[in-house]
Amino acid sequence: MSEINVQLNNGAEALLEAPVTVAEALKRLDRDAAKKALAARVNGREVDLGFTLGTESNGAPVQIEPVLPETLEGLDVLRHSTAHLLAAAVLDLFPGTKLGIGPALLEDPRYGFFYDVIAPRALTEADLPVIEKRMREIAKRNLSYRRDEIPKAEAIKIFAERDEPLKCELIEEKAGPVVSVYYIDGSPFIDFCLGPHVPNTNKLKAFKLLSLAGAYWKGDATQPQMQRIYGTAFFTQEELDAWIKQREEAERRDHRRLGRELDLFSIQEQYGQGLIFWHPKGALVRKAMEDYLYEELIKRNYSFVYTPHIARRELWKISGHEQNYGDSMFSPTKIEEQEFRLKPMNCPFHIGIYGSQQRSYRDLPQRYAEMGTVYRAELSGTLHGLMRVRGFTVDDAHIFCTPEQVLGEMIECVDFAAEVLKTFGFEKVKFELSVKGSDTTKQYLGADEDWAKAESAIAAALQEKGIPFERIEGEAAFYGPKVDFKIEDAIGRLWQLGTVQWDFNLPERFELEYIGEDNKPHRPAMVHRALFGSIERFFGILIEQYAGAFPMWLAPVQVAVLPITDRVNDYAERVARELREAGLRVELNLKSEKIGAKIRDAQLQKVPFMLVLGDREMEQGMVAVRERSRGDIGTMMLAEFRQMAQGLVESRAITTVQSRES
RNA sequence: GCCCGAGUAGCUCAGGGGUAGAGCGCCUCCUUGGUAAGGAGGAGGUCACGGGUUCAAAUCCCGUCUCGGGCUCCA
């Protein structure tokens, strides 16, 4: 009988008789932690509570750290185990179901876990409550999660006997010589899994199944399609309820709903999927966005260009779009035996302008900016409100410069993007450095060395700027690596906004040149960049960001003028006119309604300021001001209000609240 | 494109083999009311489209289109 020295991460130590399980060791070290623990780390390695200590010790004490609730690790274990519970319930209800994978999800706030299955009959959403009920029944039976380690061949045999071909495939691909499998004792479920898991189903109390979706096996469209059941789990019912409530709140900010309620835009099926109609109010927001951008472009010494929407097919062969991007392009159309294709990107056109004359190094960099409308043949199933469409406008620019200037220009672009995003009040922006992948099905132009060189240069530049970024393989554009800015929508879906891309291929393909100091031709470098990315998508994100309550400078209607009685209608008209002359966007409500109803209308339209006008105000040339989030803020002279309102617009203040104090 | 679900008035939705419903919005009239809904009346629908079953289809079945949630893709 040997002894083993164990030490808890809080310092507590004990000498125990080996073999002993982690759960038993914990009980001796810290009763409270032992009760709450879901799993543990032993010498840094995550294990089940049922893990037997014995061989770890070679003199030094064995380090034990409980994995507790209310930690990310704890949540991971909880959700992963709940995914297993889900699979057990599905197997129970639908014998013959084939299992795919069932991980916990911690990064995506929409879900907590999923399990991919192929059931004998197609599952429908009506099955979810039934499955959830069975999960609760199983959880109540207090069944153990049991881990077993067996040779690979045996594992494959077990899963083959259960007719689980997908699991066999996974084991073949991923497993070492020894395979760990998990049972839920007393249920038909067994999984190929590393763990760790909760010891017991009674730890699983607060969970909910959310939705049913299609998902390709291994995420590959050529593989069979499975059904993915999404759910989430928390440690307590209160946390789950709070999460559900928060999600309902978020759904109220959906840009599609607000777009209709605030009359900002529409998509009309009789005109085509994924095509956006900007209504007058949405168009005003867009104009404010674009005006701001134009101002900034001028400050940063960009020049403006306008280019066609369509070009000869040959052009797209030269650029490589037809070969590398053709699937996303609208099919060619023919006129007088010549084929044309709609543009999916603006770059070749700006290249056309650069190439239209001889360039000197003294002229570089050339920065061409355009609100360029492009069309892409997106799959119908991917379309989503303003976020994914088939026709959209890019706040595009292409910078032609010397190779020495590229990095500086890229840093400028990232800077520019950061400033623009700040103006709109975005704080949670994610930067991604997308580079060429090893995946050979995707095509890339250019030599590997160039790709590697460009990547390390961009990474260095981002680091120098102190911008944290994530490196993503296989997401680069076909012509070069890029930096993307991404942001979440109301319910946590991540969308790409702007992008800065280094392109060492298109200048080559179009044989662009500039004459250098040495009086010889050289190849210029090229940077593609967009800050909003797609104006449509950025608008969608903005709607959700502000929940439709746009800051003053973006609000389509900035001031609602609301006369209390017909007697003051003339005065109200004068007020409206004066404010309009000062450049403000004003709506006058002369309806025969009581003031409460007029206020309610303006409030629902999320108009920043309401001016309530009655006899008192008319007599003194004043306005009673109501701000949408604070309510009545008192009476002031019309001129005073006008100045305040103009100040808010000019400063592009994000809230209407701080400004009055300032 | 693929998997599951859904399409009823401008919007949100109820109904469901036998004369098409509500609330909001819209129009008209009355009302002139001081900070989130004043009153009355009215207009408005081939129940997405096409086919089938049936004496009879908005309702059941099939197909198409569109939308929603995902997968794949991507600004």
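In what follows, chains are A, B, ... by sequence order, proteins preceding strands, each numbered from 1. Computed from heavy atoms alone, side chains included, the values below leave out hydrogens, waters and symmetry copies. Only a predicted model underlies this, so the values are computations on that prediction, with no experimental measurement involved.
- In this structure, R537(A) reaches the bases: a heavy-atom distance under 4.0 Å links it to at least one base atom across the strands shown.
- Contact of Y216(A) with G1(B) (side chain to base): a donor-acceptor pair of N or O atoms is detected under 3.5 Å.
- A donor and an acceptor atom, one from each side chain of K343(A) and T373(A), are nowhere located under 3.5 Å apart.
- Geometrically, K430(A) does not engage F485(A) in a cation-pi contact, judged by NZ or CZ lying under 6.0 Å from the ring centre and within 45° of the ring axis.
- An OP1 or OP2 oxygen of C26(B) is reached within less than 4.0 angstrom by a side-chain nitrogen or oxygen of K591(A).
- Using a 30° and 60° split on the angle between ring planes, F550(A) and F539(A) fall in the parallel class, below 30°.
- Contact between the side-chain N/O atoms of R228(A) and the OP1/OP2 oxygens of G69(B) is not found at any separation under 4.0 Å.
- The residue Q270(A) sits apart from the nucleic acid: no heavy atom pair falls under 4.0 Å.
- Of the side-chain N and O atoms in R626(A), none sit less than 4.0 angstrom from OP1 or OP2 of G34(B).
- Regarding D601(A), its CG atom lies at a distance of 13 Å from the P atom of C24(B), rounded to whole Å.
- The pair K245(A)-E248(A) does not meet the salt-bridge criterion, since no charged nitrogen lies less than 4.0 angstrom from a carboxylate oxygen.
- Atoms CZ (R390(A)) and C1' (G1(B)) sit 10 Å apart, rounded to a whole Å.
- For the C1' atom pair drawn from G34(B) and G25(B), the interatomic distance equals 26 Å after rounding to whole Å.
- Secondary-structure annotation of RNA chain B gives the stems B:1-7 with B:65-71, B:10-13 with B:21-24, B:26-30 with B:38-42, B:48-52 with B:60-64, with a stem taken as at least 3 successive Watson-Crick or G-U pairs whose two distances both fall under 3.5 Å.
- Distance check: K208(A) NZ to E132(A) CD gives 5.5 Å after rounding to the nearest 0.5 Å.
- A salt bridge does not link R252(A) to D254(A): none of the charged side-chain nitrogens sits closer than 4.0 Å to a carboxylate oxygen.
- In this structure, W495(A) forms no aromatic stack with the base of A75(B), since the conditions of centre separation below 5.5 Å and plane angle below 30° are not both met.
- Ring geometry for F426(A) versus F538(A): interplanar angle over 60°, hence perpendicular rather than tilted (30 to 60°).
- An OP1 or OP2 oxygen of G69(B) is reached within less than 4.0 angstrom by a side-chain nitrogen or oxygen of H384(A).
- Proximity note for Q225(A) (side chain, C-beta onward) versus A75(B), U32(B), C71(B): the nearest is C71(B).
- For the pair L383(A) CG and G70(B) P, the computed distance is 14 Å after rounding to whole Å.
- Taking side-chain N and O atoms only, R600(A) has no distance below 4.0 Å to OP1 or OP2 of U35(B).
- The CD1 atom of I599(A) sits 6 Å away from the P atom of A36(B) (whole-angstrom rounding).
- Rounded to whole angstrom, the span from the CG atom of L497(A) across to the P atom of C74(B) amounts to 17 Å.
- Counting non-hydrogen atoms under 4.0 angstrom, Y230(A) reaches the backbone sugars and phosphates but no base.
- R567(A) comes within 4.0 angstrom of sugar-phosphate atoms only, judged by non-hydrogen atoms across all strands, and of no base.
- Taking side-chain N and O atoms only, K598(A) has no distance below 4.0 Å to OP1 or OP2 of A37(B).
- Closest to the side chain of R616(A), out of C4(B), G1(B), G34(B), is G34(B).
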Could I get a table of every N or O pair under 3.5 Å where one atom is in the protein and the other is in nucleotides 38-46 of chain B?
unit_1: G38(B); atom_1: OP1; unit_2: E593(A); atom_2: OE1; d: 3.4

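- Regarding contacts with the backbone of U66(B), a side-chain N or O of Q273(A) is found under 4.0 angstrom from either OP1 or OP2.
- At the phosphate of C71(B), neither OP1 nor OP2 sits under 4.0 Å from any side-chain N or O atom of R388(A).
- The shortest non-hydrogen separation linking Y111(A) to R79(A) is O-NH1, 4.1 Å.
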Could you run down the sub-3.5 Å N/O contacts of the protein with nucleotides 60-64 of chain B?
none

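- K436(A) has no carboxylate O lying under 4.0 Å from a charged side-chain N of E455(A), or vice versa, which leaves the two without a salt bridge.
- At a threshold of 4.0 angstrom between heavy atoms, the contacts of L379(A) include nucleobase atoms, whether or not backbone atoms are also involved.
- Taking only side-chain nitrogens and oxygens, S380(A) comes nearer than 4.0 Å to OP1 or OP2 of G1(B).
- D615(A) comes within 4.0 angstrom of a base, heavy atoms only.
- Remark: C1' of G69(B) and CD of E251(A) are 11 Å apart, rounded to the nearest angstrom.
- D484(A) has no carboxylate O lying under 4.0 Å from a charged side-chain N of K486(A), or vice versa, which leaves the two without a salt bridge.
- Nearest nucleotide to the side chain of D566(A), out of C74(B), G69(B), U32(B): U32(B).
- At a threshold of 4.0 angstrom between heavy atoms, the contacts of A215(A) are confined to the sugar-phosphate backbone, with no base atom among them.
- Nucleic acid contact for R493(A): sugar-phosphate only, since backbone atoms but no base atoms lie under 4.0 Å from a heavy atom of the residue.
- With respect to the salt-bridge test (charged N to carboxylate O, under 4.0 angstrom), the residues E640(A) and R642(A) do not qualify.
- Within the 4.0 angstrom heavy-atom criterion, no nucleotide atom of any strand lies near K486(A).
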Please tabulate the protein-to-nucleotide N/O contacts below 3.5 Å involving nucleotides 6-11 of chain B, giving atom names and distances.
unit_1: C11(B); atom_1: O3'; unit_2: R260(A); atom_2: NE; d: 3.3

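- With sequence neighbours left out, K422(A) forms a side-chain contact (heavy atoms from CB on, under 4.5 Å) with no residue at all.
- Here the side chain of R256(A) is nearest to one of C4(B), G69(B), C2(B), namely G69(B).
- Look at CG on L386(A): it is 21 Å from P on C74(B), rounded to the nearest Å.
- Of the residues in residues 108-125 of chain A, those lying under 4.0 Å from RNA chain B by heavy-atom distance are R110(A), Y111(A), A122(A), L123(A), T124(A), E125(A).
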